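Structure, as structure tokens:
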Protein chains: 2
Amino acid sequence: MVQESPTFSPLYRQIKGLILQALEAGEWRPGEAIPSETELAARFSVSQGTVRKAIDEMAADNLLLRRQGKGTFVASHSDPRAFFRFLRLVPLAGGIEPSTSVPLECWRAKAGQEAARTLGIKLGDPIIIVRRLLQFSSKPVVVDEIYLPGETFAGLSLDVLKDSHGSLYSLFESRFGVRMIRAEERIRAVAADRATAELLRVAEGSPLLSVERVSYTYGDKPVEWRRGLYSTADHCYYNDLG
Amino acid sequence: MVQESPTFSPLYRQIKGLILQALEAGEWRPGEAIPSETELAARFSVSQGTVRKAIDEMAADNLLLRRQGKGTFVASHSDPRAFFRFLRLVPLAGGIEPSTSVPLECWRAKAGQEAARTLGIKLGDPIIIVRRLLQFSSKPVVVDEIYLPGETFAGLSLDVLKDSHGSLYSLFESRFGVRMIRAEERIRAVAADRATAELLRVAEGSPLLSVERVSYTYGDKPVEWRRGLYSTADHCYYNDLG
DNA sequence: TATCTTATGTCTTATAGTAGACATAAGACG
DNA sequence: CGTCTTATGTCTACTATAAGACATAAGATA
């Protein structure tokens, strides 16, 4: 039975909502397979095709990953395929380079006006601030300053960051159960300050890309605010306008 | 009958290819409605659902636009909805601003090494170079230098540009029958040179966004190469990482 | 017997087709 | 001029068949 107006939403979208709910509740972990379309159809008392359409949309949203003959899997940041979705930096020369993340600092603070607003928390709530350096082929390219709500990331420390391999989001996902699914970036050009210039080994005052990012998890809840300064001497920010 | 291996492609994708071909041949003009799913199904001797799936993909690619109860239309750059797909600049303050394009210069030249390679033409082939200023709320924000293959854009001049209203791509589409469907951008931070600084009314040497774009039409054929210098004093480049 | 190869069954998603619901526009009719 | 009807088109939901992946059993071979 379909819910009628005033807030009509087709059956397949209601099913999408239910699957999303199960996903959010952690019924299946990232990387795991979800039940087959047939099973989900039985569970929600709809036809398999309706479940398919729901899953289709979720696969398009990069929440699920279909693999023919195998099943449908919960998207994971550990998956190398998902790696370049949030890192748009490519070498000017072309090709791909090995990247390393070097944590510099990690400390606790209270949320100021701006942090509280963008992270959707109260003024003065605990936050964690991380500073790190991103290297390509052992050369420094990005300095990131990352603001996280202290509540959800309790236990995060410099040691934890140093021990972790793989991407930061991969760590957030496996250790804190927080899956980033969407992000917004705002890019500007700024002049390098003294400290950043030294870290990136460029002249003070030279132009850098300032990339401000807010990341969201299920239900469009913001869980990360970061600002990166990119040296575009040997790399550039690549964007495909489909 | 489905084409078997070695180059298997499902039926709906073959149909997509045929529709694409008709589109490219100009069978239906931008903004016009294409035949109904039923008609296309009859034309290609497949079922309506197969045509639907082909059209679904093309709508996802922004080549077609579905409108419930009305029909399916060829996407057009004249459509205000398509306007912000290729212009990612938003005011820092939020909201939307009226924008004006001011053509500065337009001259002919021969393709150099780099222009020939990116535009896929021969060294020395005729090209057209356009310089223009983009204003938001009457304040200069972007200086663009645009390289076009002379062959396809024969007849383009400063006067034509000045007479045209709406977006540049809208002009290309209606006057030269060239529809941009995809673009790649590479973004770097650079220092403003004297001339650009004056145009944008910023200090010489201040950091600017350098946005290099290659646009493609049907069949991934490159038809435009442009480089824009963006002042990010009051605006920023917005990107949604879905 | 031990091992390798081949067949087979069963799981999955992918693909194709059909029918009814619904939205919209345009003409018929008072 | 307003209301009803009809035509046209997409949207939604369902069904059926095909094909890939994989585990396992059966057979061949040494």
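What you are looking at is a predicted structure, and each value in this text was computed from that prediction instead of being measured. Labels below follow one simple rule: chain letters A, B, ... track the order of the sequence lines, proteins then strands, and each chain is numbered from 1.
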Rounded to whole Å, CD of A:Q68 lies from P of C:dT13 at a distance of 10 Å
Next item on the list: Determine whether B:V211 and B:Y230 make a side-chain contact, defined as any pair of heavy atoms from C-beta on separated by less than 4.5 Å.
Entry: yes
Which pairs, protein N/O on one side and nucleotides 4-8 of chain D N/O on the other, fall under 3.5 Å?
none

Select base, sugar-phosphate, or nothing to describe what A:Q48 touches, counting heavy atoms under 4.0 Å on all strands.
base
With the side chain defined as heavy atoms from C-beta on, A:Y12 is closest, among C:dT13, D:dA13, C:dA23, to D:dA13
How would you label the contact of B:G71 with the nucleic acid (heavy atoms, under 4.0 Å): base, sugar-phosphate, or nothing? sugar-phosphate
B:R67 atom CZ is separated from D:dC11 atom P, nearest whole Å, by 12 Å
Kindly say if B:K70 contacts the phosphate of C:dA25, meaning a side-chain N or O under 4.0 Å from OP1 or OP2.
yes
In whole angstroms, the gap separating P of D:dA13 from CG of A:L11 amounts to 4 Å
Considering every strand and a 4.0 Å limit on heavy-atom distances, what is the contact class for A:T38: base, sugar-phosphate, or nothing?
nothing
Notebook entry, point to check: Considering only heavy atoms from C-beta outward, does the side chain of B:F172 approach that of B:T152 to under 4.5 Å?
Noted result: no
- Query: Can a salt bridge be assigned to the pair A:R29 and A:E27 using a cut-off of 4.0 Å between side-chain N and carboxylate O?
  - Reply: no
With a cut-off of less than 4.0 Å, is there a side-chain N or O of A:T72 near OP1 or OP2 of C:dT13? yes
Separation of D:dC11 atom C1' from B:I55 atom CD1, nearest Å, is 13 Å
- Donor-acceptor pair under 3.5 Å, B:R52 side chain vs D:dT12 base: yes
Listing for DNA chain C: consecutive Watson-Crick or G-U pair runs of at least 3, distance cutoff 3.5 Å, ranges ordered by first number, gives C:1-30 with D:1-30
